[in-house]
Amino acid sequence: MNVILPDGSSKEVNEGATVADVAASIGAGLAKAAICGKIDGELVDLTAPVMDGSRVEIVTDKSQEALSILRHSCAHVMAEAVQVLFPGVQIAFGPQTDDGFFYDFGLDSTISSDDFEAIEAKMAEIVERDEPFVREVVTREQAKEIFADQKFKLEHIDDFGEDEAISVYRHGSFVDLCSGPHLPTAGRIGAFKLMKIAGAYWKGDAENEQLQRIYGTAFFKQKDLDAYLHNLEEAEKRDHRKLGRELGIYMMDDMAGVGLPMYLPAGARVIRLLQEWLRRELYRRGYEEVITPHIYKADVWKTSGHYGFYHENMYFFHINEGSDEEPRLSEYGVKPMNCPGHVMLYKNSIHSYREMPIRFFEFGTVYRHELSGAVHGLMRARGFTQDDAHVFCREDQVVDEVLAILDLADNIMSEFGFEYAAEISTRPEKSIGTDEMWEKAESFLRTAIEQRGIPYEINPGDGAFYGPKIDIKVKDAIGRWWQCSTVQVDFNLPERFDMTYRTADNSEERPWMLHRALFGSIERFLGILIEHTTGNLPLWLAPTQAAVVPIADRHLDAAHDIAARIRGIEGRVEVYEQNEPMRVKIAKAQAAKVPLMLVVGDKEIEEGTVSLRTREGGDQGSVPVEDVLKAIEDARIR
Ligand SMILES: [Zn+2]
Ligand SMILES: [Zn+2]
C-alpha cells in the first residue's frame, strides 16, 4: 500500500506498517529522531498503523509538538514514581502546560517540596529503564476493571460516550487512562525537574475534592533545561512586582481593591516623565490633546455598542438626578475606553475635508473588570492609563496616517532599546462592514507596514468585529515578547455616532477612524521597562537622577548647595544625610538604582568638584560640579 508524505510524494509500505516503519523507510536518521507522527493531521504514536492513502508526517524532537508530548509523557513518569512512593495515591489528570506539565493527586498525607528529591530519584530510575509506553484500546468494562481502585479514573470513564474508544497506556507497572500520544520510550526524556506544588480541585471545581498538584518541566536536552532555569531566575530578579516594591514605584492594598495599583512618589514621577516625553513628541507630530470624563451615561455606551458587547468588562452604577422626594435614577458607566469621548468631541463642530486628519490624544485612565485570578501587578490591572489617540481622516489619508503611527512606534521602541515585530489581524467570522471595506482596510495596513519594512505575520480572523488591526510586540532583554502597541481601523463608531465631514463638492462623507495606543497602558509599559532594564531606568527617566553623599556631617551644607543647583535645572536629586558609613550610603544608592552618586568631602569642596560614581561604571574620580549639571541638563526631556 501507499502513504502520502508532506512533500506530496507517495511511499510504498508493507501491509500493517506503522508510523515508525514509514520513518524507517525514509531514512535511518529520521527513524532515530522520530518522536511520534501525524496521520491525516492528527498526532499519533509511532506504533500507530497507517492506512492506504493516509497522509503521514513524522514528528521529530525539533518540533514544539514533540516537546509537549515529551512533557506529557513525563507527567506519566512522575505519576508512576508517586504511585511507587505513596501507595494508595489516587491519580487524577496530568496534562502538559506551556512550559512543563503537572499531575493532580488525591492523598491523605501531604506531599511537600521536601519529597521532590525522592520523587525525582524514582523518576530518574524509571527514565533509565527506558521502557515503552504501550497503548491498548479497551472496553468500558475492561477499563473499569483496570482502574477498580482509582476513583477519579472510574468517574472519568463514565464521561466517555457509549461508542467512544477508551485507550489506556501502560508503562512499567503504571497504567493510565489517556488518549495519547506519548514518547516511544521513557528514555527519550533528556532532563526534567519538579518545580512546585499547589492545591487544585478535581475537575477545577471548588465544590469537589481538593487535590495536590505537582508541577514539573522536562526537555529533550539537559542544556535546554539549564537555559530554562537560568531564564526563570533572570525573570524573577527582574520581576516588576518585586522591583516595584523595592524602588518605591507602586503599592497594592486589599483595602483599595484587587488590581488597583497605587503609585508612590517615585512611580508617579516616572509615569509623568513618560507622559511628558510622549506629549512633546505628539505635539510635534500634529496631535491635539483632549481631556474627557471618566464616567458617561449609559446612553453613550449603548450608542457605542459597549453596553451590549463589553458589558461584563465594565462598571455600571446609578446616580439620582432627581430629588430625595422624587428620585430619578440614571445609569452611568465608568469608561473602559476613551473612544466615545473623542468621537463626541469630533462631533462638536462641522468638519471640512480640508481639516483632515484630526488627531486627538489623551492620557486617559480607564477601568476594566478583569477576573481577580487574571490581574498581575502592573501588567494586568483593573485601572490603568492609556496613551490613547484617535485619528479621523479621509480614505486617501489612511496609509499615510498608519505610516506616521508606525514611525512614532519605531521612535518609542528604539528610545527604550526594544526589538519589535508586528502582526496584522484580519476579518473575523462575526464582523460588520462590507467585504470591500475590509479588503481596503487590510490592504492599507499591509501597504503601510511593508513600506516601513517591519517584519510581520498575518493573524487570520483575529481582528476586532469592527475592523482589522496591527499589533506590535516588543522583545525584552531576556527574549520575552510583550504585546504593546495597537493600531486599529474602526468602521463601527463612525457609523453608530453618525460622524461626517464635508467634501469638496459640499456633500457629506464618513471619516475613517483609527484607534491607536503605543505604550498601550503606560503603567504596563513601565512594568515591561522595569523588567527589561532590571529597574535601571535611563538618566532622563530615573525617578532620582543623583544622590549627593556627604562624607561627614561638616559637608552637609555643601551637599545641600549642590542639590539646590541640580533642582535649579529641574534635576531630581536626594541628599543622603544619615550619619552612616560611606559604603552603606553607596550600597543604598546602588540598591535604589540611582544613575549618579556625587560624593562630597573636604577636597571636593575646595576644588568645586564631586567624586563621581555611576550606576553602571563605578568610580569615575573627581569631576567638576558643572560637568554633572551639564549631564543632567542634557538628559532633560525636550
Ligand atoms: Zn498520557
Ligand atoms: Zn479607541
Side-chain angles (χ1 to χ4, degrees), residues 35-36 43-45 47 68-80 83 91-97 101-104 132-137 143 147 150 152-153 156 166-172 174-186 188-189 218 287 290 292 296 300-301 304-306 309-310 313 335-346 358-366 368 384-392 405 464-467 469-470 485-494 496-497 499 511-521:
I35 294 300
C36 62
L43 277 168
V44 294
D45 294 314
T47 52
S68 293
I69 286 166
L70 170 120
R71 287 167 170 176
H72 169 66
S73 303
C74 198
H76 278 239
V77 169
M78 178 174 74
E80 187 175 348
Q83 212 168 46
I91 57 172
F93 286 124
Q96 70 275 19
T97 62
F101 60 86
F102 65 77
Y103 212 112
D104 288 346
F133 290 89
V134 181
R135 179 187 173 92
E136 202 180 312
V137 177
F147 296 103
Q150 287 292 339
F152 299 121
K153 298 291 169 185
H156 186 42
I166 299 180
S167 60
V168 300
Y169 277 83
R170 293 184 189 276
H171 184 257
F174 181 74
V175 56
D176 203 350
L177 186 67
C178 187
S179 56
H182 298 89
L183 296 172
T185 66
R188 301 300 286 266
I189 300 171
Y287 282 82
V290 295
T292 60
Y296 292 114
V300 171
W301 306 115
S304 71
H306 288 88
F309 296 114
Y310 206 67
N313 295 91
K335 69 176 171 186
M337 297 179 195
N338 302 295
C339 344
H342 295 188
V343 169
M344 286 187 277
L345 287 170
Y346 175 95
I358 290 169
R359 311 181 187 93
F360 287 153
F361 86 90
E362 174 171 13
F363 294 118
T365 302
V366 296
R368 295 181 189 173
F384 55 93
T385 306
Q386 293 178 304
D387 62 317
D388 206 0
H390 296 93
V391 176
F392 308 101
I405 292 168
F465 74 92
Y466 52 79
K469 61 173 179 170
I470 297 174
S485 319
T486 35
V487 189
Q488 198 146 21
V489 180
D490 187 348
F491 311 132
N492 186 44
L493 290 185
R496 282 177 169 268
F497 281 89
M499 298 170 73
W512 280 65
M513 177 172 180
L514 304 174
H515 308 244
R516 115 274 170 291
L518 298 178
F519 287 147
S521 141

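Counting starts at 1 for both ligands and their atoms, in listed order. As a basis for the values below, the full set of heavy atoms in this structure was taken, side chains included, without hydrogen atoms, waters or symmetry mates.
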**Report entry** Tyr169-Phe174 aromatic ring centre distance below 6.0 Å
**Finding:** no
Query - Atom of His76 closest to the Zn ion (ligand 1), considering N, O or S atoms - result: NE2
Requested in this report: Assert yes or no for the condition that the ring centre distance of His156 to Phe93 is strictly below 6.0 Å.
Outcome: yes
**Report entry** Angle subtended at the Zn ion (ligand 2) by NE2 of His390 and SG of Cys339, nearest 10°
**Finding:** 110°
Query - Under 2.8 Å: N/O/S of His342 next to the Zn ion (ligand 2) - result: no
Query raised in the report: Between Tyr296 and Trp301, is the ring centre distance below 6.0 Å?
Result: yes
Requested in this report: Provide the atom name of the closest N, O or S atom of His515 relative to the Zn ion (ligand 2).
Outcome: ND1
**Report entry** His171-Phe133 aromatic ring centre distance below 6.0 Å
**Finding:** yes
**Report entry** Pairing of Asp388 and Arg516 as salt bridge, 4.0 angstrom limit
**Finding:** no
Report task. Check all N, O or S atoms of His182 and name the one closest to the Zn ion (ligand 1). Result -> NE2
